[in-house]
Amino acid sequence: MLLYLKSKDLLCEARERLTELGLEHTFLPQTQVFELKADASIYAPRVIKERLEEFGRIEGGRERTPLLDLLPARHEVVVKGRTFAPISFRNQAKPVWIAGPCSLDEENDIRENAKRLSGLGVQVLRGGAVKPRTSPHEFQGLGNKGFQILAEAAHEFGLAAVSEALSEADVEEAVRHLDIIQVGARNMQNFPLLKKLGRAGKPILLKRAPGSTLREWALAAEYLLSEGNRDVILCERGVRGLERELRYTLDLAGAAFMQERYSLPLVIDPSHATGLKQILAACTAGILAMGFAGIMLETHPHPVNALSDSLQALAPADFAAIADRFLRPAAVNAIDKH
Ligand code: PEP
Ligand code: MN
């Protein structure tokens, strides 16, 4: 992006504004032009132009995510259903709690789960029906007939249901039963799937691929918007870093950037990011302090029996301890304020 300074007298003031905006810049004195690195900014090109137009003419500054950039600050996604109160996902507002097992299985009574979690103040029940497993020899899930099983359990106890549509073939069944459709980390750049979900008319939880940049994640969301779906919730679930003790690296700074730059509600999933149930209470404290729109945790009635992600699943008592510390007080405060 180029800023053609309209008068030499404005040089100091323009420099100050550029520093305030955190914009990398070079001044070319012969032409009185500032070269700006607007591409790597936390501000949308439109915002940068508004903040600089008093100093002169501005050229360039390609809009890569024009649809995302049109969303209002702290865009709200409201999930509605006949059997539960509307659920608002919005950054810097009351966080939504999503919890449940990694996958549905014959052993795990999802009704029991729904009852327990709804009693603790959780609003959304999760549970994978079609599972993206690293090995083809591992449990692949119940199949998309599980969407109905999950939704019935969730709805009976006043919860919304979220589950992953693994391929385009799952979308119809997902739309029929689920309240939120998850795009799994491995599918973040499955563009035909994103396009189909963009037309699905249901809120989408878009997980970040572990090897993707923030820009690529934003562009995946832009795909959903480009087909008309503005009900997009981002989900950070860890990226691939140097770490070996933890499953992935939870990129909270990246998530903070995303809430500031793109205004979509953002949910954090520390279960997959860490793979370590022992540190989930600490992570929850940090996540809630940062004002994200929600948190997603895996919990299983009998982790030993879980057919996927058994080691990271919180046992009911451990989940209840986290909820008692962080969820119920918030619920009580919210009631007090009204
Ligand atoms: C999940 O939420 O169960 C899941 C498979 O997550 P991810 O796509 O983030 O690995
Ligand atoms: Mn899992």
Side-chain angles (χ1 to χ4, degrees), residues 96-105 108 110 113 117 122 124-136 138-144 146-147 149-150 154 160-167 170 174 178-190 193-194 197 203-212 216-217 220-221 232-241 243 246-252 254-255 258 266-277 280 283 287 292 294-315 319:
V96 176
W97 283 62
I98 305 172
C102 179
S103 54
L104 304 172
D105 56 65
N108 168 15
I110 193 68
N113 257 300
L117 296 173
V122 166
V124 183
L125 181 70
R126 62 150 289 143
V130 276
K131 294 301 298 176
R133 303 309 301 280
T134 305
S135 163
E138 289 170 329
F139 175 62
Q140 303 286 305
L142 282 185
N144 64 26
F147 295 155
I149 300 172
L150 178 78
V162 61
S163 195
E164 173 170 358
L166 188 57
S167 76
D170 299 321
L178 301 174
D179 306 297
I180 306 171
I181 304 174
Q182 177 169 320
V183 175
R186 290 153 194 83
N187 264 324
M188 189 200 85
Q189 288 188 313
N190 180 340
L193 178 65
L194 293 177
L197 289 173
I204 307 296
L205 185 76
L206 177 64
K207 286 199 154 194
R208 178 185 185 183
S212 69
E216 286 162 342
W217 190 15
V232 179
I233 303 158
L234 300 174
C235 179
E236 160 65 28
R237 46 76 73 213
V239 292
R240 185 78 79 196
E243 198 37 67
L246 302 173
R247 197 170 172 189
Y248 294 94
T249 296
L250 182 58
D251 186 11
L252 286 180
M258 293 299 276
L266 213 146
V267 165
I268 310 287
D269 167 0
S271 289
H272 289 92
T274 64
L276 200 60
K277 56 182 176 279
L280 292 179
C283 291
I287 290 161
F292 294 111
I295 181 165
M296 176 149 100
L297 290 165
E298 282 189 350
T299 171
H300 190 285
H302 306 285
V304 65
N305 294 335
L307 294 177
S308 58
D309 289 348
S310 60
L311 299 182
Q312 75 192 27
L314 289 159
F319 184 82

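For clarity, every value in this text was computed on a predicted model and none was experimentally measured. Remember, it's 1-based here, ligands and their atoms both numbered in the order they're listed.
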> Indicate whether any N or O donor in one side chain lies under 3.5 Å from an N or O acceptor in the other, for Q312 and R247.
yes
> Need the atom name: nearest N/O/S atom of D309 to the Mn ion (ligand 2).
OD2
> Can D309 and H272 be counted as having a side-chain donor-acceptor contact under 3.5 angstrom?
yes
> Starting from atom 8 (O) of ligand 1, what is the nearest protein heavy atom, named by residue and atom, and what distance separates them?
A185 N, 2.8 Å
> Among L104, I98, T299, L117, whose side-chain contact (heavy atoms from CB on, under 4.5 Å) with R126 holds?
I98
> Name the closest protein heavy atom to atom 4 (C) of ligand 1, giving the residue it belongs to and the distance to 0.1 Å.
H272 NE2, 3.6 Å
> May I ask you to list the atoms of ligand 1 that are less than 4.0 angstrom from any heavy atom of K131?
1 (C), 3 (O), 5 (C)
> Flag this pair as yes if the NZ/CZ of R133 is under 6.0 angstrom from the six-membered ring centre of F139 and inside a 45 degree cone about the axis; otherwise no.
no
> Checking side-chain contact (heavy atoms from CB on, under 4.5 Å) against I204, which of L194, I233, I181 comes through?
I181
> Does ligand 1 have any atom sitting under 4.0 Å from a heavy atom of R208?
no
> Hey, what do you get for CD1 (I180) to CG (L206), rounding to the nearest 0.5 Å?
13.0 Å
> Work out the angle at the Mn ion (ligand 2) between OE2 of E298 and NE2 of H272, rounded to 10°.
80°
> Within ligand 1, which atoms have a heavy atom of G184 less than 4.0 Å away?
8 (O)
> Under 4.0 Å from any heavy atom of R186, which atoms of ligand 1 are there?
7 (P), 8 (O), 10 (O)
> Without swapping roles, check the side chain of Q189 against the backbone of N187 for a donor-acceptor pair under 3.5 Å.
no
> From atom 6 (O) of ligand 1, work out which of K207, E164, R237, E298 has a heavy atom at the shortest distance.
K207
